[in-house]
Amino acid sequence: MKYYTKVNNQEYEIEIDHEHEITVNGEKYVIDFQQLPDAGLASLLINNQSLEAVVEDQDESWEVLMMGKLYTVKVQDERTYRLALARGLSADSGEGEVKAPMPGIIIAVPAVVGNVVKQGDKVIILESMKMENELRAPRDGIITQVKVTTGASVEKDQVLIVISDPETGD
Amino acid sequence: MKYYTKVNNQEYEIEIDHEHEITVNGEKYVIDFQQLPDAGLASLLINNQSLEAVVEDQDESWEVLMMGKLYTVKVQDERTYRLALARGLSADSGEGEVKAPMPGIIIAVPAVVGNVVKQGDKVIILESMKMENELRAPRDGIITQVKVTTGASVEKDQVLIVISDPETGD
Amino acid sequence: MKREDGLLTKRFDKLLIANRGEIAMRILRACHELGIKTVAVYSDADRNAPHVRYADEAYHIGAPPARESYLVIEKILDIAKRSGAEAIHPGYGFLAERAVFAQACVDNDIVFVGPPARAIDIMGDKQEARQTVKAAGVPIVPGTEPGLNDEEMIAAAAEIGFPVLVKAVAGGGGKGMRPVHRAEDLPDAIAGARREALSAFGDDVVYLEKMITEARHIEIQLLADAHGNAVYLGERECSLQRRHQKLIEEAPSFVVDEDLRQRMGAVAVAAAKAVNYVNAGTIEFLVDKDKNFYFLEMNTRLQVEHPVTELVTGIDIAQEMLRVARGRKLRFSQEDIQIKGWAIECRINAEDPYNNYLPSTGTITTMRLPTGPGVRVDTGVFPGYEITPYYDSMISKLICYGETRGEAVLRMRRALEEYRIMGVKTNIPFHQIMVESHRFLTGQFDTSFVETRFSMEEGEGESHDLEAAIFAALAAHRQGQQASQIVARGARDTSNWKWYSRWERLRK
Amino acid sequence: MKREDGLLTKRFDKLLIANRGEIAMRILRACHELGIKTVAVYSDADRNAPHVRYADEAYHIGAPPARESYLVIEKILDIAKRSGAEAIHPGYGFLAERAVFAQACVDNDIVFVGPPARAIDIMGDKQEARQTVKAAGVPIVPGTEPGLNDEEMIAAAAEIGFPVLVKAVAGGGGKGMRPVHRAEDLPDAIAGARREALSAFGDDVVYLEKMITEARHIEIQLLADAHGNAVYLGERECSLQRRHQKLIEEAPSFVVDEDLRQRMGAVAVAAAKAVNYVNAGTIEFLVDKDKNFYFLEMNTRLQVEHPVTELVTGIDIAQEMLRVARGRKLRFSQEDIQIKGWAIECRINAEDPYNNYLPSTGTITTMRLPTGPGVRVDTGVFPGYEITPYYDSMISKLICYGETRGEAVLRMRRALEEYRIMGVKTNIPFHQIMVESHRFLTGQFDTSFVETRFSMEEGEGESHDLEAAIFAALAAHRQGQQASQIVARGARDTSNWKWYSRWERLRK
């Protein structure tokens with residue numbers, strides 16, 4: 001199987017030949033990959049280098065936490081990659097929703113429907129674990145929905161704000 | 001539900017009235033019993049005394065490891081208890097098989113078919129983890145089968161010796 | 001012994017811990033080691049928490065929000081009476097610095113393991129604390145009394161010298177506070193601070209304080225008995241903070257030499273004696289780049305970061321607190337206390353350093369503690385435990401000891417690398433990047449460092465993109481294979497149970 | 001530097017660990033802290049073991065049985081060359097005391113982290129060791145030379161005095177050994193020992209040794225550099241043994257005062273110098289009730305129980321071994337070494353103390369490590385790890401430190417109570433009963449104590465039958481409820497997956 005991966009703007013074409021051998025951009029590596037009983041933890045020997053990482057599936061990409069650093073890796077198999085190429089879709093379409101990362105209480109809502117926001121703008125302040133936490137816009141766009149008001153209790157993953165693309169309305 | 005329990009020759013009649021109350025030999029206790037995510041580990045509050053134990057089902061009885069001590073508790077529900085009483089069966093019928101408690105190699109077989117053994121007599125010596133381990137007769141009886149010879153590799157739980165009751169041939 | 005100022009000491013054999021989490025565990029362990037019976041209290045969220053299982057007795061006290069459980073004085077006292085607990089240890093947070101609680105214990109003939117209520121009261125009021133310690137000869141940050149009008153403050157500012165801070169008397173958490181660098185900005189800043197304080201706390205009284213720049217937060221650990229003896233156990237360096245939350249503490253401090261230690265220690269003891277302080281307490285100072293030090297506040301309780309002091313002095317502070325509360329004299333004098341080696345503590349929080357340090361909730365699926373030489377972990381959670389939004393996000397403390405700071409740092413690095421917590425995000429990556437950073441290694445940081453000059457991008461140095469890509473591709477590949485087996489299963493005539501166990505094996 | 005006797009020292013930056021389990025982890029941690037790159041080797045049984053995951057590089061070396069993997073000298077050397085490792089640490093067991101291996105390393109220009117091959121050779125031969133140290137003035141257990149005929153031995157026995165031990169030169173593990181209490185039993189005992197030794201080892205040479213009764217096993221830790229310096233790091237008390245396996249060790253010893261320590265230390269240093277010893281080593285002594293001490297043997301390697309010495313001296317022995325092997329001089333002299341506090345180690349074995357200490361195999365499902373002040377755990381296993389019959393049953397070491405023996409014991413009690421290992425049986429209950437026992441607390445034990453005067457029944461004192469019965473009844477009740485839900489499920493029209501997750505929730 002061939003996989004197309006992208007991490008920190010580096011692209012690697014990884015072919016998994018069999019259990020113990022892969023080819024990355026044409027170069028062969030001897031590997032031993034073990035998923036450990038601890039969910040998400042994996043051990044990898046690459047040409048005898050020993051590495052351990054937490055590897056988690058995040059819908060559109062994989063998060064790899066290794067030696068204290070977090071890597072976000074996009075992985076597509078050959079079929080998905082070709083389809084995406086054919087459709088000419090940008091694979092990087094941003095998310096348009098701001099969700100509560102944990103249960104808590106809404107302290108302030110700087111976001112206003114109709115406002116234009118830039119990625120990183122403060123849109124909600126949520127209190128949880130005795131701390132105020134600023135939630136920021138995940139992308140540029142226009143705020144099309146504000147679903148909560150100050151003082152509201154929210155559950156984890158509840159959608160708080162929707163941001164749309166000013167051009168496509170996406 | 002009523003349960004008949006026996007531990008170290010003490011008998012307790014335990015009635016589980018509901019989630020948070022039990023009656024033991026007529027005396028009421030307020031309890032809170034929690035099975036923890038660690039398999040076998042349980043937390044119990046009895047009238048606010050906090051206890052933790054490893055509780056394991058061992059076919060005919062329960063093993064409770066609590067504060068460094070192992071308790072073997074026989075538990076019968078009312079139906080089983082009455083049936084056993086009615087049949088007049090001794091609930092303590094001994095096991096007749098000596099099984100390998102772990103994989104290993106047989107170093108010596110003192111047991112000989114036809115010999116009379118007492119509970120605790122040495123019947124097999126098994127080597128495992130660099131150590132010689134003596135396996136002993138679990139009951140009095142006559143050795144009716146010896147299924148291994150010196151030098152054999154054995155798997156965990158493999159039956160090595162069968163001991164029968166000299167009277168019933170059980 | 002019962003004093004006028006709300007201090008009761010006497011022998012006790014059963015103690016209630018009015019707290020949860022790692023600090024409850026810390027106190028339970030100290031009691032265990034001294035043969036004192038223990039009583040735990042728990043909210044609905046904590047039935048399976050370690051402190052409940054570890055205590056001799058445990059009592060339910062209400063719903064998860066602290067104001068319905070851990071903060072309800074009547075409930076705590078009621079359980080102390082029901083269980084026959086003769087003493088209460090408040091830990092830190094919750095009721096630890098509530099004079100009314102300390103007094104209520106004493107009124108019920110229960111030993112409060114901490115200072116007299118009066119000392120808590122004085123030190124809890126910023127202005128009264130300032131005035132009291134100033135009278136005892138403790139240097140305080142130059143500033144004005146509260147209650148001046150705007151013109152008086154503007155005049156005072158010229159004397160103090162810029163930059164200054166406008167601070168609300170009732171303030172806290174940065175609210176009602178304004179830094180001012182130029183005289184012409186002062187009137188607006190005073191007005192703004194008053195407005196904010198009024199709306200947040202219903203009180204618009206403000207005062208001025210000189211702003212100490214490039215300051216370090218350094219604190220002195222004290223121990224005092226009820227017989228008039230008090231000693232200091234050296235200093236802790238706590239400058240690495242984010243939003244006023246300490247993240248990394250160490251003992252001793254990079255910038256404190258023996259002379260400064262003695263001077264700060266003497267001043268701290270004087271401050272404690274000024275309020276007839278008893279038991280463990282901490283005087284926090286700001287130390288500027290010229291090694292001038294100024295009283296900041298006194299914490300009248302056990303601190304989160306006490307273990308670093310325990311490791312370098314060999315004194316078990318939690319045990320000493322219990323001895324002092326039993327009315328015993330200190331077992332050592334100032335000369336007996338030696339600082340040996342170096343200790344560093346990293347606070348492990350359930351938060352995502354890659355996402356603006358947002359708190360993370362969820363169930364801990366795996367927790368592998370670092371072990372081996374020089375490593376101590378104080379934790380109050382375990383696999384299967386759910387991190388809820390009700391309590392603070394600090395779930396564990398990792399403390400490393402070495403003969404030298406270098407050895408302690410190296411041990412911390414390897415311990416952080418060994419630590420695995422899964423199910424919630426943690427700030428372990430933050431600590432890993434911090435302890436690798438040049439600034440940390442050379443001790444060049446102040447209280448503004450984390451917020452203004454540190455970034456998680458600092459770890460960018462050695463990148464392992466290729467290896468990350470391989471991990472992800474292999475995980476995706478394995479997932480794809482499993483998915484196809486799941487799809488194929490419909491066709492098979494195996495019992496679900498058999499199938500499930502096969503799938504379990506495959507996962508292993 | 002390369003010496004005639006097979007000693008090579010030089011700086012190295014990459015080291016291969018020819019071992020597994022907790023000792024491999026211990027060495028990996030020391031390397032990590034000194035910035036030395038590490039190479040692990042593993043058998044098929046150990047692919048997921050911590051030492052493989054913790055090392056910088058890892059190489060497969062064969063099938064699980066040690067003779068096909070960890071004991072194969074050629075494979076180890078081959079991997080050292082392939083990986084560019086310039087040094088090898090053998091740990092303990094496996095190849096640690098094989099002179100031929102130490103020499104083979106040197107012949108391949110690889111530093112062997114241990115003594116010169118010649119010293120291993122001498123100390124590995126019981127008779128040669130006895131003669132060598134005797135010549136250096138070290139007291140040895142009175143006895144005969146080997147090779148005497150029966151009549152000569154009978155005459156010698158009268159001189160030595162009964163009881164005596166008949167011992168086979170080639171013996172080990174109690175084979176070819178006979179205790180003799182009366183002169184008239186000696187001829188039969190000699191004949192029996194010869195027969196047994198001939199059949200077991202193909203060698204019927206025996207000798208006599210005085211039997212030391214009520215003896216304690218006390219050993220001296222040594223450190224020597226390649227420049228002629230050697231120091232002792234105090235003693236360890238290791239009398240609590242079962243079948244010659246140590247179970248609990250402590251430092252210092254209850255019966256060793258400063259005078260005895262100095263005399264034993266001086267003798268131990270003399271013994272080491274007699275063989276030009278370099279690196280860490282241990283001289284084991286028997287100490288009788290009159291405090292006479294006799295050389296037993298020298299262990300020419302790192303010992304399992306080294307952590308107790310680390311805790312009371314503050315010296316990281318594993319790191320010092322690496323420094324010595326790099327050719328560095330010792331950083332301290334005898335006067336610098338201070339014994340402070342008390343440390344106790346319990347060896348946690350996968351064995352069932354309630355069933356004749358039978359080894360237990362299986363997969364560790366849960367492991368909760370004790371933590372907090374004064375507790376160190378050295379372990380090489382983790383949840384999900386399978387304990388196989390291939391290697392020894394010691395899976396972890398729990399070490400507790402206190403200012404006094406009493407404090408160390410109390411911490412050990414609470415740490416044992418906190419420790420949870422599930423999936424395999426362990427001897428934690430043995431340790432719990434032992435550290436509660438009057439004999440242990442008062443230090444009244446000798447090498448025969450565990451086997452002859454200790455029983456798991458000692459814990460009978462406080463019995464909690466009622467509580468155990470309640471636990472079992474509630475577990476049975478809960479199980480019955482679940483079973484009835486499982487039976488009922490056939491009737492339901494829910495997908496298996498939904499059902500499974502509901503069942504999972506129920507279990508929680």
Side-chain angles (χ1 to χ4, degrees), chain A residues 1 3-12 14 16 22 24 29 31 33 35-42 44 46 49 51-57 61-77 101-105 126-136 156, chain C residues 66 93 173 243 245 349-362 365-368 383 387-394 416-417 420 422-423 425 428-433 436 456 459-460 462-481 507-508:
Chain A
M1 286 281 284
Y3 294 89
Y4 295 84
T5 69
K6 193 171 172 185
V7 53
N8 291 329
N9 288 315
Q10 298 284 322
E11 292 190 29
Y12 302 97
I14 299 179
I16 298 176
I22 61 171
V24 182
Y29 293 85
I31 58 128
F33 178 69
Q35 284 174 306
L36 301 171
D38 306 340
L41 199 61
L44 175 62
I46 310 179
Q49 300 291 316
L51 292 166
E52 191 172 295
V54 179
V55 185
E56 283 179 350
D57 184 6
S61 60
W62 290 81
E63 288 199 340
V64 178
L65 183 64
M66 177 171 57
M67 290 183 274
K69 274 199 64 180
L70 186 71
Y71 300 83
T72 302
V73 188
K74 223 178 79 178
V75 182
Q76 293 182 306
D77 62 22
M102 72 223 115
I105 290 163
L126 176 73
E127 184 179 294
S128 190
M129 288 175 169
K130 306 195 317 188
M131 298 278 285
E132 292 183 9
N133 306 287
E134 296 167 352
L135 307 188
R136 293 165 184 278
K156 190 176 175 177
Chain C
R243 296 169 70 183
Q245 299 289 318
N349 297 338
E351 60 187 27
D352 184 356
Y354 287 106
N355 188 12
N356 202 25
Y357 298 89
L358 279 177
S360 176
T361 55
T365 53
T366 291
M367 192 170 76
R368 190 137 10 98
I387 308 295
T388 65
Y390 301 112
Y391 312 114
D392 92 46
S393 63
M394 198 194 71
L416 286 166
E417 197 175 315
R420 295 273 180 280
M422 282 186 294
K425 309 269 184 193
I428 289 175
F430 162 83
H431 289 298
Q432 290 186 286
I433 292 171
E436 293 285 347
M456 290 299 288
E460 292 296 337
E462 42 168 355
S463 212
H464 296 275
D465 294 337
L466 169 66
E467 291 83 353
I470 293 175
F471 262 113
L474 288 166
H477 181 68
R478 189 89 38 115
Q479 192 185 53
Q481 287 181 314
R507 284 177 49 195
K508 276 176 187 162

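We use all heavy atoms of the structure for the numbers below, so side chains are in, but hydrogens, waters and symmetry mates are not. First the proteins, then the strands, lettered A, B, ... as listed; each starts at 1.
Of all non-hydrogen atoms in Ser128(A) and Pro389(C), the two that sit nearest each other are OG-CB, 3.1 Å. Ile16(A) and Ala473(C) get closest at one heavy-atom pair: CD1-O, 3.9 Å. Looking at every heavy atom in both residues, His464(C) comes nearest to Tyr71(A) through N-OH, 2.9 Å. Residues Glu134(A) and Asn356(C) share a closest heavy-atom pair of O-ND2, 3.2 Å. Residues Ile14(A) and Ala469(C) share a closest heavy-atom pair of CD1-O, 3.6 Å. Between Ala468(C) and Val73(A) the shortest heavy-atom distance is O-CG2, 3.8 Å.
For the options Gly104(A), Ala53(A), Pro101(A), Ser61(A), heavy-atom pairs under 4.5 Å to chain C are most numerous at Ala53(A). Of the listed residues (Val7(A), Leu135(A), Thr72(A)), the greatest number of heavy-atom pairs within a distance under 4.5 Å of chain C belongs to Val7(A). The residue among Ile46(A), Val64(A), Thr5(A) with the most heavy atom pairs within less than 4.5 Å of chain C is Val64(A). With chain A as partner, the option from Pro429(C), Ser360(C), Pro359(C), Ala472(C) having the largest number of non-hydrogen pairs under 4.5 angstrom is Pro359(C). In terms of non-hydrogen atom pairs under 4.5 Å with chain C, the most contact-rich of Glu52(A), Met1(A), Gln10(A), Arg136(A) is Glu52(A).
Using a 4.5 Å cut-off between heavy atoms, Val55(A) touches chain C through its side chain atoms alone. Looking at Glu56(A), the atoms closer than 4.5 Å to chain C (heavy atoms on both sides) all sit in the side chain, from C-beta outward. Residue Phe471(C) touches chain A through both its backbone and its side chain, counting heavy-atom pairs closer than 4.5 Å. Heavy atoms closer than 4.5 Å to chain A are found nowhere in Glu436(C), neither backbone nor side chain. Leu358(C) touches chain A through backbone and side chain together, each having a heavy atom under 4.5 Å away. Heavy atoms closer than 4.5 Å to chain A are found in the side chain of Gln245(C), but not in its backbone. With a threshold of 4.5 angstrom between heavy atoms, Asp57(A) approaches chain C through side-chain atoms but not through N, CA, C or O. Both the backbone and the side chain of Leu44(A) come within contact range of chain C, each with at least one heavy atom under 4.5 Å from a heavy atom of that chain. Interface residue Ile470(C): backbone and side-chain heavy atoms are both found under 4.5 Å from chain A. If you measure heavy-atom distances from Leu126(A) to chain C, you find no contacts under 4.5 Å at all.
The side-chain heavy atoms of Tyr354(C) and Glu63(A), taken from C-beta on, include no pair separated by under 4.5 Å. Within the 4.5 Å cutoff, side-chain heavy atoms of Tyr29(A) are placed close to those of Leu466(C). Using a 4.5 Å heavy-atom threshold, the side chains of Ser463(C) and Asn8(A) count as touching. With a 4.5 Å cut-off on side-chain heavy atoms, Glu467(C) and Gln49(A) do not count as touching. Between Asp465(C) and Tyr12(A) there is a side-chain heavy-atom pair separated by less than 4.5 Å. Side-chain contact between Leu70(A) and Met456(C): absent, with no pair of heavy atoms (C-beta onward) separated by less than 4.5 Å.
Interatomic distance, CG of Asn133(A) versus CG of Asn355(C), reported as 10.0 Å (0.5 Å rounding). The distance from the CZ atom of Phe33(A) to the NE2 atom of His477(C) is 10.0 Å, given to the nearest 0.5 Å. Rounded to the nearest 0.5 Å, atoms CG (Leu474(C)) and CD1 (Ile22(A)) are 5.5 Å apart.
Proximity of a side-chain donor or acceptor of Arg420(C) to a complementary backbone N or O of Leu41(A) within less than 3.5 Å is not detected.
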